[in-house]
Structures are given as structure tokens and as C-alpha cells.
Protein chains: 2
Amino acid sequence: MRTGDIAQRLGVTPASVSGMLKHLSREGLVNYREYGGALLTADGERAALGVVRRHRVLERFLTDVLQFGWEQVDALAHQMEHALPEVVVDAIERLLGDPATCPHGHPIPDKEGRVAAEPRLTIGGLAAGDRACVREVDEFDPALLDFLQQRGLVPGAVLRVSQVNPIDGTVVVEVVDAGATALAPATAKAVRVSREVAE
Amino acid sequence: MRTGDIAQRLGVTPASVSGMLKHLSREGLVNYREYGGALLTADGERAALGVVRRHRVLERFLTDVLQFGWEQVDALAHQMEHALPEVVVDAIERLLGDPATCPHGHPIPDKEGRVAAEPRLTIGGLAAGDRACVREVDEFDPALLDFLQQRGLVPGAVLRVSQVNPIDGTVVVEVVDAGATALAPATAKAVRVSREVAE
DNA sequence: CGTAAATGTTAGGGTCGGCTAAATTGATCC
DNA sequence: GGATCAATTTAGCCGACCCTAACATTTACG
Ligand SMILES: [Mn+2]
Ligand SMILES: [Mn+2]
Ligand SMILES: [Mn+2]
Ligand SMILES: [Mn+2]
């Protein structure tokens, strides 16, 4: 991870990131050398997965119990994730029956920091005629999520690629029970799939 | 409200309270004169009732949905109440069916800042032979709450005062379906009641 | 009353994250 | 191999809140 990337993702200046990285480095959460980028240590990885768990459990809670739309819950969970007592997150997780994934399909780490692997194949990586099952979607753009839901491109959906345009990379997918949709490469990259059809 | 009282309740030095009162005064939330104490303005009252609403809704959620004991939820709600997005509190409130009170019996303000009146009569204010109905209990001491629950002194319970000791003020109450309990005046003051029996 | 004690405020400082601007480093391209 | 440029770090600052210590006011009581 480079300083500038972190700064951009956090909406903060690179100067602030430098300071914080030095801080985290002193606490042993990050390996960091000046001008050399940063990497989480084992401890840092554990701490980060703890936050990821809280975030994804909360997303599930917000959709399943409080009926929020999946396009809103990333931002809401983000506001809540640092203030909730651990016991409350645990209780919510139990209430939900220890869900395996967040509403966008990303796996929820367990309390020991174990996480299921995530598929790396995207719709953009499929060829014409391929069949696949939607596993996860990128969750940072509410408008994209709204669109994907309308077209049935949600985790668990089964699809077939009917065309791949060799010039610009546009793909057309037919989603079972939801019709056909054309996707530009950038959009096709936001949906990760597996080749096997869901159990 | 005096500076020192606020400081004590917040676990902060009086110096910090002076600074903050000056700040809140500038924002129009509080009427404050040096050495003269502070009082909420109408705006301040509104803001405060908003926080009270969040707090009490969360307490209800923690007991009713997440199954926490009523002796734990004040502290937990306190940690959560400032970080939860308003829409989430609203959704929780709807989920619970717009409850009228927190688990300790205190009324939940509505979104416009209207609150039901709270009874001022306590068990300590009853005479031998009086009948009453428990309405609310003080919620700051988990050990006290544990005790009250064991003895059936929870909102809605019906009781009769069987003795009042004229020397030290000890009262003995008989709780319907839960036996007799002796209470020192300080404890008796923690339970507020109404003379009418609950509907 | 008048003074001592209690209460409250001010002064001065610290930490935590953030910022801007200036300096530094490393990468790139003649 | 050096000049240039982008990325990064450092320096210095700020605002929110908290603190302690010193000072001011109010209160309570002999
Ligand atoms: Mn998310
Ligand atoms: Mn998610
Ligand atoms: Mn409470
Ligand atoms: Mn309560």
C-alpha cells in the first residue's frame, strides 16, 4: 500500500497518512519504511479483520432486520462500526444466525480472523457462452448497486454470457429469471463470479 | 445545574465543564453566567431530548431484541447513542413498534421532543398500607437493578407497603407474586410509583 | 459582618488527528 | 549520469477536549 493510495481512499491528505503510518508502525500494526510503502503486520491483519467483521455483520443486520437497501448499508455500517461495543456486535451476529457473507457477498471473518477466500474471476473474465454464478459485487457506488439489483445481478444469481464484443469489451449477460443486460468492462469488473453453478 | 454537579456526573474536572458551558452558551444551547450555573435553552432542551430518545430506544432494542439484561443496557446504550445514524435509530424504533418507555420505565420522547410526564412519587413517599404500581426505577447502578429484578420490583409490578419503620425510614413492601422485601430509604427512593394500580 | 471553606473560572499545557507549505526523496527520461 | 518531476515526508499550525495549578467568587459560619 502506498501513502497516496491510502490518503485518497480515506479522503485525507498524504501528510496525515505519513503521520498515522509512523504511529501504527510504532504500535506494531504496520511495517513501514519512509518512501517505501506500508504493509499490515500479522497483528495489524488481525485488527483489520476484526473491523471487517463488524462492518459486514452490521451490513447484514441493516438489510435483513432493519430493511435498508443494499446500496445504503455500506455507508451506514461505516458510521456505526467503530462505536458499537464488541458484545453488541457479537449479539447481533448470533441473532442473525452467524451469516457467512455480507449482503454484497463478501465473506464475514470469524472472531479468530479466519476468512473464506474470495473469487477473483469477474464477469469481465468470462468468454461468450460461459455460465457462472454471481458471488460478490463491489459495494462502494450506490447507483451501481441499484442498477445491479434491478438487473438481477445479485449474489446467487445464475447467468450466461451471450456475447463479448471484441472491440470494446462490452459483454452481454443473460441472467436466469431476469433478462439480458449489456455491461461495459468497468462495470463487468465489479461483479465477481464462480464458474460452478450455486448449490 | 451547577458546574460541579455536571463535572461529577460526567467524570470530568470542573475546569472542563466551565469551558464547555461557555461553548454551549455561544451556540445557544444553554443559558449560563459565570458562577451562576447553567440551564438548557429551548434549543438545548430539544437537542437533549433527541439524545434521550436515542438512548432509550437503544436500551429497549438491547433488552428486547438482543436479550441483554436491564442492568447492562444503560452503559451499552451510552456507548452507542452518539455514533448511530439517525435513520438507523428511526428504523429500530419502528421495528420495536414505537415503544413508550425504556426497560427501566422512563418515557421515550417522540421525534418532536414531546415526553410523557414522569411520576415523582417514590416508594419512600408511601405510608404503611398504601398500594401502588411500580412505574420506573433509577438505572445507574447495575447491582441495584439486579436486586430489584430479583425482588420483582420492575415496572408494572403491584405492591403494598406493609411496614414503615419510623426511626430509620426502612420500608417493607409486599410485591404481588414476589414476596416481601425490606428497603432502606436510599433504595426506596430509587423506585418511582403511581398510586393507581396498572390498567 | 468577616473570614475560611467550598465552589468555579482562568491560564497554560498536552494529546489526537487533521491541515498547508516547504523540503526531501526516488523515478523517469533525455 | 544528471535534471526534472511526482510522490512523500517534515515542519509548523489548528481545533476539540481534556488536564493541573493558580486565581476569583460565593457561601457558610463563628
Ligand atoms: Mn461495506
Ligand atoms: Mn458489504
Ligand atoms: Mn439509560
Ligand atoms: Mn433506561
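These numbers come from a predicted model, not from an experiment. Just so it is clear, the values below take in all heavy atoms, side chains as well, and ignore hydrogens, waters and symmetry mates. Letters A, B, ... are given to chains in the order of the sequence lines, protein chains preceding strands, and every chain is numbered from 1.
Within 4.0 Å (heavy atoms only), V12(B) reaches sugar-phosphate atoms of the nucleic acid but no base atom.
Using a 4.0 Å cut-off between charged side-chain N and carboxylate O, E86(A) and R54(A) make a salt bridge. Between R195(B) and D130(B) there is a salt bridge, since at least one side-chain N of the basic residue sits less than 4.0 Å from a carboxylate O of the acidic one.
Residue Y35(A) has no polar side-chain atom (N or O) positioned under 4.0 Å from OP1 or OP2 of dT10(D). Listed pair T13(A) / dG18(C) fails the phosphate criterion, with no side-chain N or O lying under 4.0 Å from OP1 or OP2. When the side-chain nitrogen and oxygen atoms of S16(B) are compared with OP1 and OP2 of dC19(D), one or more of them lie within a distance under 4.0 Å. Close to dG8(C), at under 4.0 Å from its OP1 or OP2, lies a side-chain N or O of R2(B). Contact between the side-chain N/O atoms of S18(B) and the OP1/OP2 oxygens of dT10(C) is not found at any separation under 4.0 Å.
Remark: P of dG17(C) and CD of E27(A) are 9 Å apart, rounded to the nearest angstrom. Rounded to whole angstrom, the span from the NE2 atom of H23(A) across to the P atom of dT15(C) amounts to 12 Å. What separates CG of L21(A) from C1' of dA7(D) is a distance of 14 Å, to the nearest Å. Between the CG atom of L24(A) and the P atom of dG18(C) there is a distance of 11 Å, rounded to whole Å. The distance between atom CG of D5(B) and atom P of dT7(C), rounded to the nearest whole Å, is 9 Å. Rounded to an integer number of Å, the gap from I6(B) CD1 to dC18(D) P is 13 Å. Rounded to an integer number of Å, the gap from CE of M20(B) to P of dA16(D) is 9 Å. Protein atom CZ of R33(B) is 14 Å distant from nucleotide atom P of dT25(D), rounded to whole Å.
Atom CG of D168(A) has more than 12 neighbouring heavy atoms from other residues, nucleotides or ligands inside a 6.0 Å radius.
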Residue pair E81(A), H55(A): steps toward the side-chain hydrogen bond (donor to acceptor under 3.5 Å, both in side chains) verdict: CA-CA 6 Å; E81(A) 71 198 7; H55(A) 181 88; 2.5 Å; yes

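Judged as a ring-ring contact (aromatic ring centres under 6.0 Å, His included), and not counting sequence neighbours, H106(B) has no contacts.
Side-chain atoms of A15(A) lie closest to dT10(D) of the nucleotides dT20(D), dC17(D), dT10(D).
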